[in-house]
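Heads up: the structure comes next, in structure tokens.
Chain naming here is simple, since letters A, B, ... match the order of the sequence lines and numbering starts at 1 in each.
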There are 2 protein chains.
Amino acid sequence: MKLSKTSEYAIRILSYMAKDSDKLYSAKLLVEKLNVSDKYLRKLMTLLSKAGFIKSMQGRYGGYKFAKDIKNIYISNIIDAIEGSEKYLGCILGLDDCSDENPCSMHEVWVTTRAKLISTFEKTSLYKISQTEIIKF
Amino acid sequence: MKLSKTSEYAIRILSYMAKDSDKLYSAKLLVEKLNVSDKYLRKLMTLLSKAGFIKSMQGRYGGYKFAKDIKNIYISNIIDAIEGSEKYLGCILGLDDCSDENPCSMHEVWVTTRAKLISTFEKTSLYKISQTEIIKF
DNA sequence: CTCAAATACCACTTCGGTGTAGTATTTGCA
DNA sequence: TGCAAATACTACACCGAAGTGGTATTTGAG
Ligand code: SF4
Ligand code: SF4
């Protein structure tokens, strides 16, 4: 019942960057501030670049900055890019073939819960997160 | 955002057995009916025995049957026994150290969603599940 | 008593997510 | 131009969950 570590990291990194969304961030700085290993963070940054959330500047004084308005980046977009939506859209019991017509007794409450979770992801933008003070990353 | 495969299997198996909760089920039958590999199911059955949900009868015409009233076995009990409650009680972003006092902007809606999910698990017994027709396992 | 048919146990393999290492490439500035 | 400091890339190591194989043990029927 958790997102993958990679999704966690991605949300953490982008949330952190969203605090000053025009700034250019180096991998070195992010590694120091956030709790992600150097190599893994760099790999992830490249992935996030290719996904279009950020753009990278190589060379001396390079780094990463947002490629688009953080008001248009939602948590659901990030999760989709990293692990695909199936990972959190499916049934909690893993039974793909049953439907609303053939439900088990957990179905109704599960579907309701799931819907709420999804709508949370789809409605929460990085901008919104940046408006809240986060002490610990 | 999913339970482990093992939890899925456990819930599937016990839900199936709950349809006729006094019957003695052989591993062979369960393997045929449910979609779990022979060896893995047998290993899991031993684990479920040790956890006290079922008891096993060895020898010729042996098998498994419930060790207690299925009205007293809740989904949350099963998940706890297999993967521990931490796995689905924590924060979705994996940041253990922030609290209700230092929340990010997802916190409130996440906590609400999580609470609903947990209460679903804690209120749904195998008996309740058995009352609903499940076509596909 | 013997055997068939069932579970229990131990050890190994496989696989995907996570993390690491080393090297190549880019780029601005002295 | 040459170097320092940054990112990009490729390949491999690690680890826990999932899955498999083979053997030992139990037990009732005949
Ligand atoms: S009926 Fe039950 S098992 Fe099937 S999708 Fe709904 S919650 Fe999952
Ligand atoms: S504030 Fe709440 S939802 Fe946000 S990261 Fe912390 S525990 Fe998770």
Using a 4.5 Å cut-off on heavy atoms from C-beta on, say whether the side chain of [Y] contacts that of [X].
| X | Y | result |
| --- | --- | --- |
| A:I78 | A:F121 | no |
| B:I13 | B:Y25 | no |
| A:F53 | A:N77 | yes |
| B:K65 | B:K55 | yes |

Side-chain N,O (B:S26) to OP1/OP2 (C:dA5) below 4.0 Å: no

N/O (side chain, A:Y40) to phosphate O (OP1/OP2, C:dG17) under 4.0 Å: no

What's the [atom1]-[atom2] distance between [X] and [N], to the nearest Å?
| X | N | atom1 | atom2 | value |
| --- | --- | --- | --- | --- |
| A:K55 | D:dT7 | NZ | P | 16 Å |
| A:L24 | C:dT26 | CG | C1' | 15 Å |
| B:K28 | C:dA5 | NZ | C1' | 9 Å |
| A:K5 | D:dA17 | NZ | P | 13 Å |
| A:I82 | C:dG17 | CD1 | C1' | 13 Å |
| B:I79 | D:dA17 | CD1 | P | 16 Å |
| B:Y64 | D:dT26 | OH | C1' | 12 Å |
| A:R42 | D:dA5 | CZ | P | 13 Å |

Heavy-atom closest contact (A:A67 atom, A:G52 atom, distance): CB-O, 3.5 Å

Under 3.5 Å donor-acceptor, A:S21 side chain and A:A18 backbone: no

Could you check which of [options] has an atom nearest any side-chain atom of [X]?
| X | options | result |
| --- | --- | --- |
| B:S37 | C:dT20, C:dT7, D:dT20 | D:dT20 |
| B:Q58 | C:dT27, C:dG19, D:dT26 | D:dT26 |
| B:Y61 | D:dA18, D:dA29, C:dG28 | D:dA29 |
| B:R60 | C:dT7, C:dA4, C:dG28 | C:dA4 |

Extract from the structure each pairing of a protein N or O with an N or O of nucleotides 9-14 of chain C at less than 3.5 Å, listing the distance.
from	atom 1	to	atom 2	distance (Å)
C:dC9	OP2	B:K50	NZ	3.4

Separation between CG of A:L48 and CG of A:L41, rounded to the nearest 0.5 Å: 9.0 Å

Comparing A:M57 and B:M57 on DNA chain C - which has the more 5′ nearest nucleotide: B:M57

Sugar-phosphate, base or nothing in reach of B:M45, heavy atoms under 4.0 Å: nothing

Touch class at under 4.0 angstrom, heavy-atom based, for A:T6 against every strand present: sugar-phosphate

